[in-house]
Amino acid sequence: MSELSGKVQTVLGVMDPRRLGRTLTHEHLTMSFAFCYTPPPPGQEACSEMPMTMNNLYWLKQNPYSHRANLLLNEEVEAVKGELLHFKEVGGGTIVENTTTGICRDVKALRRLSEETGVHIIAGAGFYVAETHSSETRSTSVEKLTDILVNEILHGADGTDIKCGVIGEIGCSWPMTESEQKVLQATAEAQTQLGCPVIIHPGRNSDSPFHIIRILQEAGADISKTVMSHLDRTILERDKLLEFAKLGSYLEYDLFGMELLNYAFCPVVDMPCDIERINWVRFLTDEGYGDNLLMAHDIHTKNRLTKYGGHGFSHILTNIVPKMKQRGIPQSAIDKILVENPKRWLTFK
Ligand SMILES: CC(=O)NCCS(=O)(=O)O
């Protein structure tokens with residue numbers, strides 16, 4: 001049993017889990033997604049450099065990854081601070097900040113944001129997808145990777161004394177690379193040592209979450225303390241989703257607010273709209289998985305901030321929760337998703 005047992009760990013230190021309140025389990029407050037730049041559709045090349053003005057906002061919403069500056073959320077710390085103050089005003093308590101090594105994690109900015117807004121922030125340890133792994137990471141052994149993860153939780157990340165409180169988001173591609181597989185095995189080992197929460201970014205294929213859980217299980221992970229993110233764009237077939245739910249991880253719908261026609265990273269996927277996400281949440285609740293559900297926005301581009309006409313970090317509390325109630329999801333089920341399940345997941349064993 002670790003010294004963190006029964007506690008959660010925020011960027012300001014260890015805390016009683018009862019203080020978390022309403023929690024968004026998958027967000028980014030400062031990160032760069034520059035490596036994911038995707039050229040605009042033919043004939044629209046000039047749009048990638050255009051100013052982020054009112055008349056361009058709809059294009060940005062439809063093509064968020066085709067505009068270079070839009071991928072630099074790390075340029076908007078002041079705007080994010082304003083968003084967090086509003087999140088608190090509307091009843092928000094905690095944000096799990098999933099930025100890991102590879103997409104410009106900035107734990108000092110997270111600590112400052114938490115101090116200045118009063119929102120509890122939990123930082124993520126580990127590595128994003130292989131495309132962002134350094135050559136050093138790729139050649140590191142599972143044992144050394146485990147040491148890095150454990151160190152980020154027990155001693156601090158990126159040369160600071162600011163400690164992470166979850167492992168993840170751990171990035172996986174489809175097909176998975178050897179380096180990603182090693183990081184997953186190290187994640188399982190670090191989780192066994194520390195009893196910590198884990199959160200995974202699956203590849204963009206409905207077989208990816210199954211494959212990841214198998215690797216984690218074989219390496220000894222505690223699947224009941226593991227979140228599978230981005231199910232909204234990953235498993236879009238009911239029977240397959242129920243088959244996955246039986247494996248026992250948390251099931252996260254974390255792209256609330258993201259509504260677009262063309263999902264550039266995987267054009268064969270029809271990205272659901274928010275009402276469809278609510279329907280998935282209701283389906284899983286009705287099927288008995290209410291204790292496994294989590295929700296978030298996974299804001300990772302500028303255009304989703306209210307400064308740029310986006311929905312912002314308060315969208316779930318302000319707009320989605322009332323809609324869930326209107327669609328017959330009881331308050332008790334909503335409280336599980338926003339309070340009880342995050343608390344159980346984030347508490348160290
Ligand atoms: C930051 C991040 O990984 N967001 C997920 C984007 S995706 O399109 O769902 O993979």
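Each ligand, and each atom within it, is numbered from 1 in the order the structure gives.
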Student: Using a 4.0 Å heavy-atom cut-off, say whether N98 meets ligand 1 through its side chain, its backbone, both or neither.
Tutor: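 For N98, there is no contact with ligand 1 at all, from either part.
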
Student: Which ligand 1 atoms, with their elements, are less than 4.0 angstrom from a heavy-atom of L255?
Tutor: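 Counting atoms of ligand 1 from 1, those under 4.0 Å from L255 are 9 (O).
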
Student: Is any side-chain heavy atom of Q62 closer than 4.5 Å to one of N262?
Tutor: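 Sidechains of Q62 and N262: no contact.
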
Student: Check the side chains of E169 and S229 for a donor-acceptor pair under 3.5 angstrom, ignoring hydrogens and angles.
Tutor: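 No, because no side-chain N or O of S229 sits under 3.5 Å from a partner of the opposite role on E169.
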
Student: Cation over ring, R238 on F283, under 6.0 Å and within 45°?
Tutor: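 The answer is yes, since R238 meets both limits relative to F283.
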
Student: Within a distance under 4.0 Å of any heavy atom of H201, pick out the atoms of ligand 1 and give their elements.
Tutor: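 Counting from 1, the qualifying ligand atoms are 3 (O), 5 (C), 10 (O).
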
Student: Would H28 count as a polar contact of ligand 1, with the cut-off being nitrogen or oxygen pairs under 3.5 Å?
Tutor: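 For ligand 1, there is no N or O atom that lies under 3.5 Å from one belonging to H28.
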
Student: Should Y128 and V227 be regarded as members of a common hydrophobic cluster, given that ILVMFWY residues are connected when their side-chain heavy atoms come within less than 4.5 Å of each other, either directly or indirectly?
Tutor: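 No, it is not one cluster - the side chains of Y128 and V227 are not joined through contacts under 4.5 Å.
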
Student: Please state which option from E27, M31, R204, E169 has its nearest heavy atom closest to atom 10 (O) of ligand 1.
Tutor: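 The nearest heavy atom belongs to R204.
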
Student: Can you report which non-hydrogen protein atom sits closest to atom 5 (C) of ligand 1, along with the distance?
Tutor: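 For atom 5 (C) of ligand 1, the nearest protein heavy atom is D298 OD2, 3.1 Å.
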
Student: Tell me whether the centres of the aromatic rings in F256 and H315 are closer together than 6.0 Å.
Tutor: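 Not close enough - the centres of the two rings lie 6.0 Å or further apart.
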
Student: Hey, what do you get for CZ (F127) to OG1 (T140), rounding to the nearest 0.5 Å?
Tutor: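 If we round to the nearest 0.5 Å, F127:CZ and T140:OG1 are 7.0 Å apart.
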
Student: Decide, yes or no, whether a salt bridge links D222 with K349 under the criterion of side-chain N to carboxylate O below 4.0 Å.
Tutor: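 Result for this pair is yes, salt bridge flagged.
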
Student: Which residue and atom name correspond to the protein heavy atom nearest atom 9 (O) of ligand 1, and how close is it?
Tutor: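 The protein heavy atom lying closest is R233 NE, 2.9 Å.
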
Student: Which ligand 1 atoms are under 4.0 Å away from a heavy-atom of Y128?
Tutor: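 Near Y128, the atoms of ligand 1 are 1 (C), 2 (C), 3 (O).
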
Student: If you count the atoms of ligand 1 from 1 in the order shown, which ones are under 4.0 Å from a heavy atom of Y263?
Tutor: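 Those atoms are 7 (S), 8 (O), 9 (O), 10 (O).
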
